[in-house]
Amino acid sequence: MCSGKDFFEILNIGEMPPANAFLEKKDFDKEESFPLGVQLCKNCKSLQLRQVISPKLIFQDYCYATRASKPLVEHFHRLAEEIANNYVQSSNDLVIEIGSNDGALLSKIKDRCRVLGIDPASNMAKTAIQEGVPTLVEFFDTKLSEKIKSEMKEARVIVANNVMAHIEDLRDVFSGVKKLLSPEGKFIFEVHWVGNLLNEGGFDQIYHEHLYYHSLHSLQVLLNSLGMTVNDVKLVPIHGESIRVYAGNSGTSSEAVRKLLDCEIEMGLLDTKTYQNFSKKVESNKGKLNKLLAKLKKDGKKIVGYGAPAKGNTLLNYFKIGPEILDYITDTTPSKQGKYTPGTHILVVSPEILLKDLPDYALLLSWNYADAILEKEKELRKKGLKFIIPVPEVRIVELCNDKPFENLANFSINSVAKAIIP
């Protein structure tokens, strides 16, 4: 981000396998684990991993599919409409998506302009191509940007969602974006916001894929150093809470940019003590959840997991929750079903099993979609299924009640940020 070399260790999670490396039972003995911990750059205040593993281990056979999450698809479709209505001026304009996955976003606007997806996962690119989205199976960098520019001309919009946390050499990628973007073009990207990570305790966003945990401050340092400007920013309620940054090769910064920068200072995102308090909070949550699960198992309750996102595997591994606690985990992603979670080796099955094998409790690992899931599973909740939400505070959700474990006070989600930025 800034070429700084002075770091402060924040949280050491220990050794764990890549969070999306779901595996078959026969491959348990072959499973590899790698160190996982985060550190803070004392110069630009970027929170980042201490160690990096090869992206080829993670992304070339990727099981995370955008279309498997209805809320995420709806979110991207809204963004696609915004791009088409506000930035696309002709059918000849080019919109490029870095980390295009299965093409869910670009498929929504492919009839309004030229589109190009870029993603290293061949299985996801195949799905996107079947949906009519031209896709390059590549890692994006400056060299590729020059090739695309020579063949397809400049891009009116370059979009990248939940991918700028995954790239080690961000300076090269942002340089490639700068070269490929037209003078009046927009670079629109979403990243997990470190303010949500710290204030909501969503530490499970930390896994090997996520090399960076961004603040607007650290992103502005990088963009400004390359001669780019943060034109606008929004807080968006996805993956807990993310920031959507609008950047360009020209223009000025909006009032929202100033407000969020001020908000980050007020929240202590430039203060090392804030990050130390975060690590203490993670340990506290670990004790509370394990105490609750142990009590329920002692009482003979049947507990399963609901959702098998990558973030859930960080929580399961760090909290040491295995098949002795969760009988199985349900997930809608076909490529995960019939496999086992990395590290903890819990079987992943189709959600249909809940219709005939109703447990007493479901640990909601996809807690960032809690509202949508609780509404979706209202009928199961009427039949007695209770949800345990592990983040930001451990609480049990029944049909008409939201009970904090041990009468813990409920969190007000990002109260500081929402008071400043509507």
Side-chain angles (χ1 to χ4, degrees), residues 65-67 69-119 127-136 140 145 148-149 152-164 174 176-193 216 219 223 228-239 241-260 369 372 418 421-422:
T66 300
R67 294 177 196 273
S69 169
K70 184 180 177 182
L72 195 58
V73 170
E74 292 172 347
H75 173 73
F76 287 158
H77 282 181
R78 288 191 295 271
L79 176 55
E81 285 295 322
E82 178 188 327
I83 291 170
N85 294 335
N86 296 349
Y87 300 103
V88 172
Q89 297 182 345
S90 78
S91 59
N92 195 47
D93 283 344
L94 176 62
V95 176
I96 295 175
E97 184 176 13
I98 301 170
S100 49
N101 197 260
D102 56 18
L105 187 152
L106 291 181
S107 64
K108 187 71 174 176
I109 56 173
K110 63 183 175 65
D111 297 328
R112 307 270 294 270
C113 58
R114 294 185 297 148
V115 300
L116 176 67
I118 303 168
D119 200 291
T127 300
I129 292 168
Q130 290 171 346
E131 293 293 327
V133 177
T135 306
L136 298 178
F140 182 83
S145 77
I148 295 171
K149 185 175 180 178
M152 302 183 72
K153 306 301 181 185
E154 294 171 328
R156 181 79 182 182
V157 177
I158 299 176
V159 61
N161 292 311
N162 309 313
V163 67
M164 290 303 163
F174 276 61
V177 168
K178 178 179 173 63
K179 289 184 178 182
L180 185 55
L181 200 63
S182 67
E184 72 285 353
K186 278 288 178 283
F187 178 31
I188 304 172
F189 62 97
E190 289 181 10
V191 291
H192 291 138
W193 182 43
L216 186 58
L219 287 167
L223 285 161
M228 298 183 74
T229 302
V230 179
N231 303 129
D232 201 7
V233 66
K234 293 179 182 178
L235 288 172
V236 292
I238 202 75
H239 298 302
E241 193 159 33
S242 299
I243 51 174
R244 179 186 295 164
V245 178
Y246 300 75
N249 289 326
S250 60
T252 58
S253 298
S254 69
E255 181 69 8
V257 173
R258 185 193 65 77
K259 285 185 176 181
L260 186 54
Y369 296 125
K418 292 188 175 178
I421 302 179

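Worth knowing before you read on, the calculation uses all heavy atoms, side chains too, and leaves out hydrogens, waters and symmetry mates. What you are looking at is a predicted structure, and each value in this text was computed from that prediction instead of being measured.
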Open item on the list: Evaluate E81 against R78 for salt bridge (Lys or Arg N to Asp or Glu O under 4.0 Å), listing each step before the verdict.
Closed with: CA-CA 5 Å; E81 285 295 322; R78 288 191 295 271; over 6 Å; no
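- Distance CG/D102 to CD1/I129: 12.0 Å, rounded to 0.5 Å.
- Looking only at distances, no side-chain donor or acceptor of K186 sits under 3.5 Å from a matching main-chain atom of Y87.
- Rounded to the nearest 0.5 angstrom, L181 CG and E154 CD are separated by 8.0 Å.
- In this structure, Q89 and E184 have side chains that are not in contact, with every pair of non-hydrogen atoms separated by 4.5 Å or more.
- Annotation: the span from I188 atom CD1 to I83 atom CD1 amounts to 4.5 Å, rounded to 0.5 Å.
- Under the 3.5 Å distance criterion, the side-chain polar atoms of S182 are left unmatched by any main-chain donor or acceptor of R156.
- Heavy-atom minimum distance, C113 versus D93: CB-O, 3.3 Å.
- Across every non-hydrogen atom of F174 and M228, the tightest pair is O-SD, 4.2 Å.
- The heavy-atom pair separating G176 from F140 by the smallest distance is C-CZ, 3.9 Å.
- The side-chain contact (heavy atoms from CB on, under 4.5 Å) test with L116 singles out one residue from I96, L106, I98, T135, and that residue is I96.
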Task: Pair N161-E97, side chain to side chain contact (heavy atoms under 4.5 Å, CB included): steps then yes or no - done: CA-CA 8 Å; N161 292 311; E97 184 176 13; 4.0 Å; yes
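- With rounding to the nearest 0.5 Å, the separation of CD1 in I109 from CZ in R114 is 12.5 Å.
- Formation of a donor-acceptor pair under 3.5 Å by the D232 side chain with backbone atoms of S254 is not found in this model.
- The backbone N or O of S250 lies less than 3.5 Å from no partner atom in the side chain of T229, so there is not a single donor-acceptor pair.
- In this structure, K110 and G132 approach most closely via the heavy-atom pair CD-O, 3.5 Å.
- Rounding to the nearest 0.5 Å places OG of S145 at 12.0 Å from NZ of K178.
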Open item on the list: Determine whether N86 and Y246 satisfy the following criterion, side chain to side chain contact (heavy atoms under 4.5 Å, CB included), listing intermediate values before the conclusion.
Closed with: CA-CA 12 Å; N86 296 349; Y246 300 75; over 6 Å; no
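- The heavy-atom pair separating L216 from V257 by the smallest distance is CD2-O, 3.9 Å.
- For the residue pair N85/R112, the side-chain donor-acceptor check at 3.5 Å is satisfied.
- Exactly one residue among V163, L219, V177 makes a side-chain contact (heavy atoms from CB on, under 4.5 Å) with F189. That residue is L219.
- Looking at every heavy atom in both residues, V236 comes nearest to H75 through CB-CE1, 4.0 Å.
- Within the model, atoms CD of E190 and CG of L79 stand 6.0 Å from one another, a figure rounded to the nearest 0.5 Å.
- The backbone N or O of P183 sits nowhere less than 3.5 Å from a side-chain atom of N249 that would complete a donor-acceptor pair.
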